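Nothing here was measured: the structure is a model prediction, and the numbers come from that model. Lettering of chains follows the sequences in order, A, B, ..., and the numbering in each one begins at 1.
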Amino acid sequence: MDLLWQTAVNASYAASYMALIAVGLVMIFGVMGVINFAHGELYMVGAYCVVFLYAQESFPFLLAVAAGLVFVGMVGLVMERTMFRPLRDNPLAGLIASIGFLLILQTLAVFGFGRRMGHVPPSTQGKLEILGAVLTYQRLFVIVAAVLLLAALWTFLRRSKFGRALRACAQDAEAASLQGISMNQTARIAMFIGAALAGVAGALTAPLVSPTPYIGHSIIVTAFIIIIVGGVGSLEGAVIAAVLYAFVHTFVTTFFDGVIANIVGLALMLAVLVVRPTGLFGAKERA
Amino acid sequence: MPEPTGATPGPGTGRRIRRIAWQLRVVFLFAALAVLPYLLSYSQQEIAVLLVINVLLVSSYRLLTLTGEWSLGHVVIMGVGAYASALLTKRLGVPVPLSMLLGASMAAATAAILSFPLFRMKGFYFLIGSFAAGEIIRLIWKRFTDPFGGPKGLKRIDPFPDIDTGFLSIDFYEPVNYYFLALIVVSASLFVLYRIERSRIGLTFHAIHWQDRLAESVGVDTFRYRTLAFVIASFFAGIAGGLYAHYVGAVNPTRFSVDQMVYVLVWAIVGGTATFYGPILGVVVLTVINEIVLRALGLDTARPLIYGAILILSVLYLPNGLESLGPRLRTRWQRWRSGSAAGRREAA
Amino acid sequence: MAALAQRFGRGPQGSRVNPQNERPILEARGLTRRFGGLVAVNDFSFSVRAGAIHGLIGPNGAGKTTTFNVISGFYAPTAGQVFFRGLDISGRKTSALAAMGLVRTFQGSTLFQEFSVLDNVRVGRHLGARAGFFRRLLGADRRSEEKADAQAQETLAFFGLEDLADEPVSNLPHGHQRMLGLAVALAAEPEVLLLDEPFTGMNPEETGRMMTLVQGIRDRGVTVMLVEHDMRAVMNLCDVITVMNFGALLVEGPPEVVRNDPAVIEAYLGSATADGAGDAA
Ligand SMILES: Nc1ncnc2c1ncn2[C@@H]1O[C@H](COP(=O)(O)OP(=O)(O)O)[C@@H](O)[C@H]1O
Ligand SMILES: [Mg+2]
């Protein structure tokens, strides 16, 4: 019983950062129509921002996280301008280009920080006990930050003009541009937010995961599973699927092992693709 | 431009001349390939062996792309051939050339089974689905130490048996000799792949790519043909895997990871997939750049970065691959020649 | 109108197939297809006699293309059945139906745009040029392929496209592309051919040629079911016309009856696109 409860608490932590990553990926897909294979590397870059600013240069943790968010968002802008915009009507080419970008980011990280794990000391030491389960402040911080960021994003998308434009572009780019919505402007914002979410996830979790230049691989696999299960293009679906997947994965890891958990996750994704290619929470049927 | 059909026969003599020219070219090519290893250093010979194997890998990949589907699992399928062949020799004592064939059949069978879930998807979903399926297979190798050897994989895989018949003795531990073995196997495989593409089967693959609904409506069972392409491509990827396993002597899950798949993608895209020779051009050119230029410059760590940059640049600026460069240069050259001829005429 | 009928040899009356105890070659019973909340085809029934040219008309969005998509196996019916030669074929695969002799064409120029004209028709000959994998590999399919090519040439000649055999399709004018679409379908040797708006975007001269061709196809023994907005063509060609509106049957009968039916006039006036050219999906 104790173990179950503790595992559930651990899963909530996993769900929070996975949701950030997956929502970012869906956001990019929704507006640009391209699957960003380099998304895991954006997470990695965010983590290395903390390695550099916080662990090496001793800036405050929060500042390093904020810098990670902004910096990775700007990397997203570079991707938008140099690759996704010129390749807008060719999603496969965009995807392939993002694979190229992934290799570049990986190599740059190796140049800057070496191949080995970066060590990031915890920013806080304390921990919380909830009904017998332990939750470190470090993890609690990730959960709180993720909830706040996603809530802010949600409000932004509901309330602002950009939010409406974003949704319009995601639904029908052509119709949106007829309504005078600037595709380029919307794409830039989407790309910034999408990348920044991956970056901030990496920055927040850096003290917990010991980043390597190759960490992006497991991240992108996770993110794919989540967005497929959630229905590509559905932000709410991504959040629900992130929670679902985090629980499945954490429980299987705890009671079997990590590799089995990965196999289960991938099998889940394949099953969803076969039975309901639009995802469990995606649109019912496509025109 | 794709050239899906058999060349339309031209008038008699012109056709014969063209055929002779073509045959001459093939003879030259093989002569060059036969001389090549003797011009290389030992380590370059080793690279040449891997290059020949990779030519088969990327050419088999192209067969699948003919139907319009891009898989991210092709390298894993190659791994299935490698693991199967290695295990057959290690565990069951199957002799090596036979084990390679059986391993390739295993790769083909894996593809046949995977077709059922995967070909319910198309395009992007197929890409992701094939990625998931490949990762599952790879994780199974990683997780189950018995029989797959876990993360460390399989080592000391039986080499290709030496041939020793008194007056002729060939030791396949020597890269030169393995090079010729691989060259023969790969050439034969490429010939088969070429025949398939030039037959009605190839026409049907192309038809499915361009308009699967129309193809289906005139009776093409698109599912069956997609499966067929996948199975054939996987069989030859499995052959490549067998050649690899018994040459290097070790396989492990990391060797068949998505990173390796990225290289196959890069070769195919940089070379171009519209023609049979495009991907071959891609793998040869990039390997030469990689092994000769980068190694000479001491840029080994930068290799992924440079590959990444090449990938992006070619998608952006050479979307039809290196194969499109030849015809483009030719027309430009002709235009330039006729232009300058006109200029000369004017001057005269 | 009468002049047109004369020009094309037989008027609609002359070619009417004897309706007595003919089992319908194609029949739909209570066919329904939903898309989410939208009922595109609603409890729709009709039957097509062998040897007929059967029209299916109705305002834009009435559900004609969806009906074709269900009959030809692209969509499974939500409810109801389709019978072909008395066999329940609902939900079967499109390629299997083509092998049974039920072939459809598409709205618009759906062709293998990157192929030559001849190669398009060669793909159309798919079913007639069967050979095993290893025969193909060894080139032992040469004889059957040569035959298939000859047949493809013949089909092209029937449509007057033989001189364009080696042209890339993308070089063809629209009217020729539509004819090629028909040629590809005919190369599959159908028993029943479903034509979705074959005359759309054609000039009067092309329409006239196309009408002769459709009649020629019927004279080869192929039953034709035809969706079309060009009323003149429909009225001249068809033996029977089924009118649908909002996914359901409105009226069925010979052209002269349908033409004067107040419900039909009402439906078309209501939608104000009696011969609307652009028709999505
Ligand atoms: N795949 C689909 N998904 C959702 N709605 C569809 C689909 N296909 C057709 N429809 C809808 O069904 C109705 C009938 O369309 P259609 O059969 O194309 O009409 P017609 O061919 O008679 O003009 C239309 O309202 C159309 O929007
Ligand atoms: Mg229609």
What is the distance from atom [atom1] of [X] to atom [atom2] of [Y], rounded to the nearest 0.5 Å?
| X | Y | atom1 | atom2 | answer |
| --- | --- | --- | --- | --- |
| B/Gln211 | C/Asn120 | CD | CG | 9.5 Å |
| C/Phe106 | B/Arg213 | CZ | CZ | 4.5 Å |
| B/Leu214 | C/Arg104 | CG | CZ | 9.5 Å |
| B/Leu203 | C/Arg136 | CG | CZ | 9.5 Å |
| C/Asp141 | B/Ile201 | CG | CD1 | 8.0 Å |

Heavy-atom contact with chain C under 4.5 Å, split by part of B/Tyr194 |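 The answer is neither part of B/Tyr194.
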
Part of B/Ser217 within contact of chain C (heavy atom distance under 4.5 Å) =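 Interface part for B/Ser217: both.
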
Is the backbone of C/Leu137 close enough, under 3.5 Å, to the side chain of B/Arg195 for a donor and an acceptor to pair up by distance?
->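 Yes, B/Arg195 side chain to C/Leu137 backbone: donor-acceptor pair under 3.5 Å.
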
Nearest heavy-atom pair of B/Val218 and C/Ala185: which atoms, and what distance?
->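 In terms of heavy atoms, the two residues are closest at CG1-CA, 4.3 Å.
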
Looking only at heavy atoms, which two atoms of B/Arg200 and C/Ala148 are closest? And how far apart?
->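 Scanning both residues completely, I find the closest heavy atoms to be NH2-CB, 3.8 Å.
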
For the candidates B/His209, B/Glu216, B/Arg224, which exhibits the highest count of non-hydrogen atom pairs separated by less than 4.5 Å from chain C?
->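 Option with the greatest count: B/Glu216.
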
Under 4.5 Å, counting heavy-atom pairs only, tell me which of B/Val220, B/Ile196, B/Ile232 racks up the most with chain C.
->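 Of the candidates given, the most pairs with chain C belong to B/Val220.
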
What part of [X] gets within 4.5 angstrom of chain B, counting heavy atoms only: side chain, backbone, both, or neither?
| X | answer |
| --- | --- |
| C/Thr110 | both |
| C/Phe112 | both |
| C/Leu138 | backbone |

Counting only heavy atoms from other residues, nucleotides and ligands, does the tally under 6.0 Å from [atom1] of [X] exceed 12?
| X | atom1 | answer |
| --- | --- | --- |
| C/Phe133 | CZ | yes |
| B/Lys122 | NZ | no |
| B/Met106 | CE | no |

Heavy-atom check, side chain of C/Phe115 versus side chain of B/His206, under 4.5 Å |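 A side-chain contact exists here, since the closest heavy-atom pair is under 4.5 Å.
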
